[in-house]
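Written out below as C-alpha cells is the structure these notes cover.
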Protein chains: 4
Amino acid sequence: MTAEISRIEAFADGVFAIAITLLILDIKIPPAGSGSLSRELLSQWPSYLSFLISFAFIGIMWINHHRLFTHIARADDMLLILNLLLLLGVIVVPFPTAVLATHLGEPDQRAALILYNATYVFIAVVFNLLWRYASSGKRRLLANDVDSASVQKISRQYMLGPVFYLVCLGLSWLSAPASLTLSFALACFFALPPHVVASKRK
Amino acid sequence: MTAEISRIEAFADGVFAIAITLLILDIKIPPAGSGSLSRELLSQWPSYLSFLISFAFIGIMWINHHRLFTHIARADDMLLILNLLLLLGVIVVPFPTAVLATHLGEPDQRAALILYNATYVFIAVVFNLLWRYASSGKRRLLANDVDSASVQKISRQYMLGPVFYLVCLGLSWLSAPASLTLSFALACFFALPPHVVASKRK
Amino acid sequence: MTAEISRIEAFADGVFAIAITLLILDIKIPPAGSGSLSRELLSQWPSYLSFLISFAFIGIMWINHHRLFTHIARADDMLLILNLLLLLGVIVVPFPTAVLATHLGEPDQRAALILYNATYVFIAVVFNLLWRYASSGKRRLLANDVDSASVQKISRQYMLGPVFYLVCLGLSWLSAPASLTLSFALACFFALPPHVVASKRK
Amino acid sequence: MTAEISRIEAFADGVFAIAITLLILDIKIPPAGSGSLSRELLSQWPSYLSFLISFAFIGIMWINHHRLFTHIARADDMLLILNLLLLLGVIVVPFPTAVLATHLGEPDQRAALILYNATYVFIAVVFNLLWRYASSGKRRLLANDVDSASVQKISRQYMLGPVFYLVCLGLSWLSAPASLTLSFALACFFALPPHVVASKRK
C-alpha cells in the first residue's frame, strides 16, 4: 500500500515540478534592437509579479500536498480521482498566470484577475475535499499514528483556504493591488503553520 | 527485480506528468488590446474542451497504468518495448489535442477529430497488448498473489477500450458532439471499475 | 550508496522523460483556414519522421541507461560528470530534430542531417566512455554479482554504437534516406540484445 | 523522516531536470529558405554558449544539491522554504539565459550579462543559507555520521560561491568574455571538490 501512495506522490511531484517550472516560459524575452534592454526588462514587472505569486502558490501547495500525504497511508479510487482534480487545478495555473501577466495594468485587468483568483478558489476547494475525504469515514485512509486533534487542526486551517481565496476573488472587483497582496500573504500563511506542524511532530 | 519495475514506473510517471502538463501550453493567451478579454476567453471554448478531454484521458490512463503495474512484478525486454510504445501514444496526445482545439467548429473539424480519436484507438490497442503480454504465457511477469479471476476481469474490461474508441472514431464522420461526449464518458468509465478493484483488494 | 545511484537514476529519468516529451512540441499545428487540414497534416511528414527516429533513439537510450545502471552499484565524481555529459547529449536532441524536420526535403537538408547524426555520434561516444569508466579499473563501481563475460559482451555491443553512427554521419553526404534508415535500424538493434540480456539474467 | 527527505529530493530532481531541459527550447530553429543553413547555425553561437554555461551551472548545482542532501537527514519547515527559494533561482535560469543568448554581441549585452550573473549570485547566496541553516544550531538536521571537519570543509568551499559570482557580476561592466569564462570555470571548480569528497567518503 505504501508503494501505491509513493507512486501517487511521484506523479504529483512530477506535475507540481513541471507546472512550477513552465511558469518561466511565460516571461517574454525582449528582442535585440528594441530599445534599452534594461527599460524593456523593467517594463515587464506584471510578468515578474504574477510569476512570483504563482510560484509561491504552487510551491506552497506542494509543501501542503507533501504534509497531507505524510498522514495518508492508503489510497482508493476516489482519492485518486480527487488527487487528479487537484492536479488539474495545478496544471491550469500557468494559463491564468500568463493571462494576468499580459493584462495587468491594461483596461481588461479585472477579467484577468477574476480568472486568476477563480483558479485558486477551485484548487483550495478541491484540496479541502481531498483532505475531508481522506480523513473522514472512520479515517480509514489515514496512517494509524495520526491523532484526532492533529486531524482537526489541519481541517480547521485548510477550511480557511476557500474562504480567503473567495475574498481575493471579491477584491478583484475593488482593487487589483489588494487582491494580489492578499493572495501572496495567503501563500505565506499556508507555508508556516507552526502549531499544526508542532503538534504533528510530537 | 522490484527495482527494475520501479524505474519503469518512474520513467512512465515522468512522461505522463509532462504530457499532461504540456496540454496547458496549447491554450492561447489573448493579447492585450484585442477587444473584450472575457469575450476572447469565452470564444476559446474548443481549446478548453479538448484540454479537458485529453486531461481526463491521460489522467485516467495513468491511473490504469498504475493499476496494471501493481500486478506486474517482473520486466523483460518485450515489456520495455511495449511500455515505450504506450508512452509514444501518450507523448503524442498534445499534438492532436492542439489540432482539435484549432479546428473544432471550423470547416475541417472532421479531419481533426479523426486524428484525435485515432490516437486514442492506438493507445487503447497498445494498452491491451501490454496487458496481454504481461498476463499471458503462464503469466510469468505477474506478481504471484494475482489470481486468475482478477486477471480475466481486467482483460475483459480493457478489451472494451479499442472497441469503444473505434466507435468514437466512427462517430467522427457523423457527429462531433457525439464523438467527444462518448470519449469523455469512456474516460470516466475507465476511472471507476469498482468490481475489478474490489476483487483485487480482497 | 544505493541511495546515491537511485538519485542519479531519478534525475536521469526526469531528463530522459522531458526530452522525449518535448519532441512533440516541434510538430506544428496547421492554422485554421489554411486549406485542407488532411493535406496540411500529410505534408508535415518530415516532422513525423524525425520525431519517430528521435523518439526511438531517446527511448532506447533510456532502456540502455537503465540496463547499465542495474550493473553499477557505486558512484564517484567522475561518473556524475560523465552522466551529466550524456544528459547534455539527450537534452540537445530536440534541437537537431527540429532542424531536420524543418529542412528535410529542402535544399539544405545535408547540413541538417549532419547536425542530427553528429549529435548521435556524440551521445554514443559518451555512452561508451561512461560504461568504460564504470567497468574498468578493477571494476570498482560495478555490483559484485556482475561477471566479466557479461561486462565484455556489453562492452562489445556498445562499441558498435559510435562506429555505426559515424557511418550514418558519412551517409549524410550520400543519401538522406539511407542515413535515416540506418539510424532507425540502429535504434532497433540496441533495443533487442537477447544474448546480453540472457547472460545477464542467468 | 528519510521518506520526507526523499520526497524533497524527488521534487527538486524534477525541477532541476525540467529547468535544465527547457534550456534547449531557447535555441532558435533557422526557418527553411533563409539562406545557408550551416551559416545560420554558426551565427547562433551566443545561444550555444549561454546554453552550455547554464547547462553546466544547473548540472553542477544538481550535483551539489545531491551532495548536500546526502548529509541532511531531517527536514523542517524552514528547510522546505529555503529549498523552495533555491528552486526559484533554478527555475528562473532559462530566462536570463535566453536574454543573454539574444543580446550577446548586441549593444545591450551588458544589461543581459548583469541579469545573468545576478541570478547566479542569488542562487549561490541561497545555497549557502540552506547549508548554513541545515548545518548550524547543533546541526540537528544533519545525519549523525557527518563529522565536523567535513561540515567545515563544505562550508568553506560553498562560501566562495557568492564571492566569485559577485566577481563575475562585477566583470560584466568590464569584459563579457572574462565574465563568462570565469562563470564557466566556477562551474568546473564546484564540480570537482576532491578533498571534500575524499574526506566525506572515509
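Keep in mind that the numbers below use all heavy atoms, side chains included, and drop hydrogens, waters and symmetry copies. Within every chain, numbering begins at 1; the chains are lettered A, B, ... in the order of the sequence lines, protein sequences first and strands thereafter.
- The number of heavy-atom neighbours closer than 6.0 Å to CZ of B/Phe184, taken from other residues, nucleotides and ligands shown, is 12 or below.
- Your options are B/His103, B/Glu106, B/Gln109, B/Arg110, and the one with the most heavy-atom pairs under 4.5 Å with chain C is B/His103.
- From C/Trp62, atom CH2 reaches atom CD1 of B/Ile8 across 5.5 Å, with rounding to the nearest 0.5 Å.
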C/Leu25 vs B/Phe95, side chain to side chain contact (heavy atoms under 4.5 Å, CB included): CA-CA, chis, key distance, verdict:
CA-CA 8 Å; C/Leu25 295 185; B/Phe95 173 62; over 6 Å; no
Output, in order, the C-alpha distance, side-chain angles, deciding distance and verdict of side chain to side chain contact (heavy atoms under 4.5 Å, CB included) for C/Arg67 and B/Asp77.
CA-CA 10 Å; C/Arg67 260 179 212 150; B/Asp77 289 294; 2.5 Å; yes
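- Under the 4.0 Å criterion applied to side-chain N and carboxylate O atoms, B/Asp108 and C/Arg39 are not assigned as salt-bridge partners.
- For chain B, the nearby parts of C/Phe16 are the backbone and the side chain; heavy atoms of each come within less than 4.5 Å.
- Within 6.0 Å of CZ in B/Phe164 there are 12 or fewer heavy atoms belonging to other residues, nucleotides or ligands.
- The shortest non-hydrogen separation linking C/Thr21 to B/Leu22 is CG2-CD1, 3.8 Å.
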Pair C/Ile63, B/Ile81 - check side chain to side chain contact (heavy atoms under 4.5 Å, CB included), show working.
CA-CA 9 Å; C/Ile63 292 184; B/Ile81 302 287; 4.3 Å; yes
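- Neither the backbone nor the side chain of B/Ala12 comes within less than 4.5 Å of any heavy atom in chain C.
- In this structure, chain B has no heavy atom under 4.5 Å from any part of C/Leu23.
- Taking CG of C/Asn64 as the start and CG of B/Leu80 as the end, the distance is 10.0 Å to the nearest 0.5 Å.
- Shown here for C/Ala17 and B/Gly14, the closest heavy-atom pair between the two residues is CB-C, 3.9 Å.
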Give the C-alpha distance, both sets of side-chain angles, the deciding distance and a yes or no for side chain to side chain contact (heavy atoms under 4.5 Å, CB included) between C/Phe51 and B/Leu88.
CA-CA 10 Å; C/Phe51 167 77; B/Leu88 171 63; 3.7 Å; yes
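- Here the shortest heavy-atom pairing between C/Pro30 and B/Thr102 reads O-CG2, 3.9 Å.
- Considering only heavy-atom pairs separated by less than 4.5 Å from chain B, the leading option among C/Leu52, C/Ile29, C/Leu41, C/Ile60 is C/Ile29.
- Counting heavy-atom pairs closer than 4.5 Å to chain C, the top residue among B/Asp13, B/Ile114, B/Leu84 is B/Leu84.
- When side chains are defined from C-beta on, B/Ile91 counts as touching C/Ile20, because their heavy atoms get closer than 4.5 Å.
- Counting heavy atoms of neighbouring residues, nucleotides and ligands inside a 6.0 Å radius, atom OH of C/Tyr48 exceeds 12 of them.
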